[in-house]
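Residue numbering restarts at 1 for every chain, and letters A, B, ... go by the order of the sequence lines.
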Protein chains: 2
Amino acid sequence: MSEGVEWALHSCLNLTWLDSDEAMTAARLAAFYELPAAYLNKQLQALARAGILASTSGPRGGFRLARPPEQITLLDVVTAIEGPGEAFRCEEILRKGPGGREDADYRKACVVSQAMRRAELTWRKELAGQTLADIKATVERRHPRAPASARDWFASRRP
Amino acid sequence: MSEGVEWALHSCLNLTWLDSDEAMTAARLAAFYELPAAYLNKQLQALARAGILASTSGPRGGFRLARPPEQITLLDVVTAIEGPGEAFRCEEILRKGPGGREDADYRKACVVSQAMRRAELTWRKELAGQTLADIKATVERRHPRAPASARDWFASRRP
DNA sequence: GGGTGTCTACTCGGATAGCTAGTGTCCGAGTGAACAAGG
DNA sequence: CCTTGTTCACTCGGACACTAGCTATCCGAGTAGACACCC
């Protein structure tokens, strides 16, 4: 799995602690974790294309959450970065086998494919069951000073 | 996920239909699905290193299951090919952040990492709950002629 | 005929290239704010 | 003082190199069977 998923999740989490009308620069989000700014920008672009973030150009521009954290699941973020394809992609090798039929859809018929798909479905379901708001709440419960600390850091680094 | 996982799973399934004392050549297993023989051989080597297959060299040599299908889970095969590392590898970017501690283990402490790890655990659990024997039984129930058909094909292609 | 040594063909095993996709960087288009000038 | 036009710094967005890991291939080490030869 791509490294950008971790960056995207933490960046989205940081955005939940901001005023929703305020936009955050990719450069500042990157500086928070000492990440390469240009590359994080690329990942945030993907999130914007997926409708998770809203981006505005020019001065005072940047990224902000496109919808409330309750409506952003971890699966949304992962899918935006990794793409919609499944991790286990059935290439239907049964078709090339002796009893293979050209018209059959082995993604559905193949038992191996089904088993792998079912496992991946539980993974997706687990990720879809956790929203950004849940993560935010858990972090705030365990580390109550984290949000204010992050806000202060971003405020102190304001240009 | 690597393409070899699909090949490995189907090859192991074919091996369940063989007499346990008979070894199957990588070349013949590859010919069954028209796969590149040398590359499949590489994947089977990984399965052998993991203790899933037993390999014997020389004439009448090849691969066979190292233990009964009931004791080989899908997770075993996936892990053998993909390696033991997790798909989401937490790089602990929190350590580089403002409140980061050098001594903390963010793979355990980070809420994001926990959520991703939990999802991946359900995936692993689902894969670990399915053995090669289960797959074999399901295939034989849905396509009763499949085992004999495969056996005949391998027999007809015996050098 | 039976035993034995050699030979050969066959198989795995690891070392070796090629290629796609993830990683990282850069510069340009667009934009909104700030500023200066004029009414 | 207020309005308006211009300028300009700032930001995203996509286009361009670089790297790592997956894909694919090849040849060598080892082995088990077959064969020929000798007793």
Atom CZ of Arg64(A) and atom C1' of dT11(D) are separated, to the nearest Å, by 14 Å

Which one, dC12(C), dT11(D), dC10(C), comes nearest to the side chain of Thr25(A)? dT11(D)

For atom CD of Gln43(A) and atom C1' of dT23(C), their distance in whole Å: 9 Å

Determine yes or no for a side-chain-to-main-chain donor-acceptor pair under 3.5 angstrom, with Arg118(B) supplying the side chain and Glu126(A) the backbone. no

Assign each of Glu3(A) and Phe63(B) the nucleotide of DNA chain C bearing its closest heavy atom; nearer the 5' end lies the nucleotide of Phe63(B)

Atom CD in Gln45(A), atom CG in Leu53(A): separation rounded to 0.5 Å? 11.0 Å

Mind calculating the distance between CE (Met24(A)) and P (dC10(D)) to the nearest angstrom? 17 Å

What distance separates Ser11(B) OG from Phe63(B) CZ, expressed to the nearest 0.5 Å? 10.0 Å

How would you label the contact of Ala23(A) with the nucleic acid (heavy atoms, under 4.0 Å): base, sugar-phosphate, or nothing? nothing

By nearest nucleotide on DNA chain C, pick out whichever of Gly58(A) and Gln45(B) is the more 5' one. Gln45(B)

More 5' along DNA chain D: Ala48(A) or Trp7(B), using each one's nearest nucleotide? Ala48(A)

Please determine if Asp76(B) and Arg67(B) form a salt bridge, counting it only when a charged side-chain N lies under 4.0 Å from a carboxylate O. yes

To the nearest angstrom, the CD-P distance between Glu6(A) and dG22(C) comes to 17 Å

Looking at Ser55(B), I'd like to know whether one of its side-chain N or O atoms comes within less than 4.0 Å of OP1 or OP2 on dC12(C). no

N/O (side chain, Ser57(A)) to phosphate O (OP1/OP2, dG13(D)) under 4.0 Å: no

Would you call the rings of Phe154(B) and Phe32(B) parallel, tilted or perpendicular if under 30° counts as parallel and over 60° as perpendicular? parallel

Rounding to an integer number of Å, can you tell me how far Arg49(B) CZ sits from dG13(C) P? 8 Å

Here the distance between atom C1' of dG21(D) and atom CZ of Arg89(B), to the nearest Å, is 11 Å

Among the nucleotides dG13(D), dC10(D), dC10(C), whichever has the atom closest to the side chain of Pro59(A) is dC10(D)

Report yes or no: does Glu92(B) contribute a side-chain atom to a donor-acceptor pair with the main-chain N or O of Tyr106(B) at less than 3.5 Å? yes

Residues of residues 29-40 of chain B with a heavy atom under 4.0 Å from any atom of DNA chain D, listed by number, are Pro36(B), Ala38(B), Tyr39(B)

Pick from Arg117(B), Arg107(B), Arg124(B): which one makes a side chain to side chain donor-acceptor pair (under 3.5 Å) with Glu86(B)? Arg117(B)

Whole-Å distance, Lys42(A) NZ to dC26(C) C1', equals 12 Å

Over how many whole Å does the gap from Asn41(B) atom CG to dT11(C) atom C1' extend? 8 Å

Do any side-chain nitrogens or oxygens of Arg60(A) fall under 4.0 Å of OP1 or OP2 in dT31(C)? no

Phosphate oxygens OP1/OP2 of dT11(C): is one of them under 4.0 Å from a side-chain N or O of Thr56(B)? no

Ser2(B) side-chain proximity, nearest of dC12(C), dA24(D), dC22(D): dC22(D)

Is the Trp7(B)-Tyr39(B) ring centre distance short of 6.0 angstrom? yes

So what does Ala26(A) touch, heavy atoms closer than 4.0 Å: a base, only the sugar-phosphate, or nothing? sugar-phosphate

